[in-house]
Colleague: 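The structure that follows is given in the form of structure tokens.
These values consider heavy atoms only, across backbone and side chains, with no hydrogens, waters or symmetry-generated copies. Whatever order the structure lists ligands and atoms in, that order sets their numbers, starting from 1.
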Amino acid sequence: MLLRFTKMHGLGNDFVVIDLITQRFKLKPHHIRKIADRHFGIGCDQVLTVEIPTQPDVDFCYRIYNAEGSEVEQCGNGARCFARFIRDKRMTGKHKIKVETLAGIIELELTENRQVRVDMGEPILDPKRIPFTADQQASDYALDVNGDTWHVGAVSMGNPHVIFPVTDVDTAPVETIGPVTESHPRFPQRVNVGFMQIVDRDTIRLRVFERGVGETLACGTGACAAVVSGIVQGKLNTTVTVHLPGGNLSIHWQGPGQPVIMTGPAATVFEGQIQI
Ligand SMILES: N[C@H](CCC[C@H](N)C(=O)O)C(=O)O
């Protein structure tokens, strides 16, 4: 079968977006792996499918799959690309849309300067719901990795994140600590691994070794999780610029009980068809 797709990216975190409302096809993990393969397929970090919502009062549904084929709960850069896709394909005339995701319903808004603002919902700090094995909720946790004890943050945006504090992201041990921590036994559903350098109370630098992919040029939920962790530790103000290798995001969080608001760009690269 020939499947139409749109290649997109959010700060270099790239996606293949497939409309499964006008194309009926059941994507299986081996299909995802082929689509995501940068030599034998199209190539992307994640595949994002546009689907009919199952809940009332919701405009659309999207599902996200990591390059290895696993379905995941949430994706921040994907959410912004989704909003751009829906708008550019004129699948809605609305400026603000409600979207059903595995992590719950989120709200996306296209802003006047072609940015996308996403209400990512409330962060999850209870270790049992991240999930992360810890005796009780804390502002940071002792985590043993490769024989060293790190004091890390742990936050879920619907998908799990652990955040390592570093003095310089350029020299952070992403290649060594990333893979080992991704499958650390204290994270029963594996985990996205962030390395956060706090520049000042309004600015961080961040690199992310993503679950199911490896290091990406940007991670939207990772940026949200890192800022929440920094605010919980009393080290950041409520609106933070996050410098990622692929570009910058603005993250805003007023504190417990409040949603995380992420604002940033989304771009279309090309359209095509893949024989699947
Ligand atoms: N690798 C993530 C999913 C994609 C998240 C990322 N691309 C973003 O922009 O949030 C996970 O396994 O939870």
Side-chain angles (χ1 to χ4, degrees), residues 7-17 29 32-33 35-36 43-49 62-85 99 101-104 106 108 115-121 123-124 129-132 153-163 174 178-179 181-184 187-196 204 206-229 242-251 253 259-267:
K7 185 71 182 354
M8 303 185 78
H9 75 86
L11 301 179
N13 178 201
D14 63 343
F15 305 94
V16 168
V17 181
I32 301 295
R33 287 190 291 273
I35 291 167
C44 64
D45 293 327
Q46 281 93 24
V47 174
L48 189 155
T49 61
Y62 70 55
R63 301 179 75 158
I64 298 276
Y65 303 86
N66 281 325
E68 67 174 11
S70 56
E71 184 171 7
V72 295
E73 308 87 345
Q74 194 51 276
C75 179
N77 290 322
R80 299 197 316 278
C81 288
F82 177 85
R84 168 72 48 226
F85 178 87
V99 182
T101 75
L102 275 186
I106 61 172
L108 317 176
Q115 298 271 298
V116 184
R117 182 180 301 115
V118 185
D119 174 335
M120 294 292 291
I124 296 166
R129 294 181 54 211
I130 292 178
F132 170 54
V155 179
S156 170
M157 293 304 300
N159 59 340
H161 291 267
V162 62
I163 301 99
V174 180
T181 307
E182 179 196 10
S183 51
H184 195 288
F187 290 95
Q189 291 176 8
R190 299 187 298 162
V191 69
N192 297 284
V193 189
F195 297 84
M196 171 170 67
I204 67 169
L206 182 70
R207 288 172 66 184
V208 182
F209 185 96
E210 286 199 30
R211 177 179 63 171
V213 182
E215 183 174 7
T216 57
L217 290 176
C219 180
T221 52
C224 295
V227 168
V228 166
S229 177
V242 180
H243 295 290
L244 296 133
N248 304 336
L249 287 174
S250 173
I251 306 295
W253 185 53
V260 182
I261 309 297
M262 169 189 64
T263 305

Colleague: State whether the shortest distance between N or O atoms of Glu73 and N or O atoms of ligand 1 falls below 3.5 angstrom.
Modeller: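 No, no N or O pair falls under 3.5 Å.
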Colleague: Heavy-atom distances under 4.0 Å decide this one: backbone, side chain, both or neither, for Asn66 against ligand 1?
Modeller: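 It is the side chain that touches ligand 1; the backbone stays farther off.
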Colleague: Using distance alone, decide if ligand 1 has a nitrogen or oxygen within less than 3.5 Å of any nitrogen or oxygen in Val72.
Modeller: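 N/O-N/O distance below 3.5 Å does not exist for this pair.
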Colleague: Checking Gln189 against Asn159: is there a side-chain donor and acceptor pair closer than 3.5 Å?
Modeller: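 Side-chain D/A pair, Asn159 to Gln189: absent.
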Colleague: By the definition side chain to side chain contact (heavy atoms under 4.5 Å, CB included), identify the one residue from Ile163, Ile124, Val155, Ile251 that meets it with Val228.
Modeller: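 Among the candidates, only Val155 passes.
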Colleague: Please state which protein non-hydrogen atom is closest to atom 10 (O) of ligand 1 and give its distance, to 0.1 Å?
Modeller: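 The closest heavy atom on the protein side is Thr221 OG1, 2.6 Å.
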Colleague: Show which atoms of ligand 1 fall inside a sub-4.0 Å distance from at least one heavy-atom site of Asn77.
Modeller: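 Per the distance check, 8 (C), 9 (O).
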Colleague: Tell me whether ligand 1 is touched by Asp45 - counting only heavy atoms on the residue side and a distance under 4.0 Å.
Modeller: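 Asp45 does not count as a contact of ligand 1 under the 4.0 Å cut-off.
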Colleague: Work out whether the distance between some heavy atom of Gly212 and some atom of ligand 1 is less than 4.0 Å.
Modeller: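 In this structure, Gly212 fails to qualify as a contact of ligand 1 - no heavy atom is under 4.0 Å.
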Colleague: What do you reckon, does Gln74 put a non-hydrogen atom under 4.0 Å from ligand 1?
Modeller: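 Contact check Gln74 vs ligand 1: positive.
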Colleague: Can you tell me if Thr216 contacts ligand 1 (heavy atom of the residue under 4.0 Å from the ligand)?
Modeller: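 Thr216: no contact with ligand 1 (<4.0 Å).
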Colleague: With heavy atoms under 4.0 Å as the rule, classify the contact between Asn13 and ligand 1 as side chain, backbone, both or neither.
Modeller: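 Side chain only.
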Colleague: Tell me yes or no: between the side chains of Thr216 and Asp45, is some donor less than 3.5 Å from an acceptor?
Modeller: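 Side chains of Thr216 and Asp45: no pair found under 3.5 Å.
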Colleague: Spell out, as yes or no, whether a donor-acceptor pair under 3.5 Å connects the side chain of Arg80 to the backbone of Pro265.
Modeller: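 Checking the backbone N and O of Pro265 against the side chain of Arg80, a donor-acceptor pair under 3.5 Å is found.
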Colleague: If we ignore hydrogens and angles and just use 3.5 Å, is the side chain of Asp119 paired with the main-chain N or O of Ile261 as donor and acceptor?
Modeller: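 Not a single qualifying donor-acceptor pair exists.
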Colleague: Tell me: protein heavy atom nearest atom 2 (C) of ligand 1, and distance?
Modeller: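 Checking every protein heavy atom, the shortest distance to atom 2 (C) of ligand 1 gives Asn192 OD1, 3.2 Å.
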Colleague: Can you list the atoms of ligand 1 that are under 4.0 Å from a heavy atom of Asn159?
Modeller: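 Those atoms are 2 (C), 11 (C), 13 (O).
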Colleague: Nearest protein heavy atom to atom 5 (C) of ligand 1, by residue and atom, and its distance?
Modeller: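 Answer, as residue, atom name and distance: Glu210 OE1, 3.5 Å.
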Colleague: Atom CD in Glu71, atom CD1 in Ile64: separation rounded to 0.5 Å?
Modeller: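 Result: 9.0 Å between the selected atoms.
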Colleague: Please check whether Gly220 reaches ligand 1 - meaning an N/O of the residue sits under 3.5 Å from an N/O of the ligand, judged on distance alone.
Modeller: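 There is such a contact, yes.
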Colleague: Please enumerate all residues that pass salt bridge (charged side-chain N to carboxylate O under 4.0 Å, His left out) together with Arg211, with sequence neighbours excluded.
Modeller: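 Listed in chain order: Glu73.
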Colleague: Within the 3.5 Å criterion, strictly below it, is a donor on Gln115 or Thr263 matched to an acceptor on the partner's side chain?
Modeller: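 The criterion, which ignores hydrogens and geometry beyond distance, is not satisfied for Thr263 and Gln115.
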Colleague: Can you tell me how far apart OH (Tyr65) and SG (Cys44) are? Round to the nearest 0.5 Å.
Modeller: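 Between Tyr65 OH and Cys44 SG, I get 12.5 Å after rounding to 0.5 Å.
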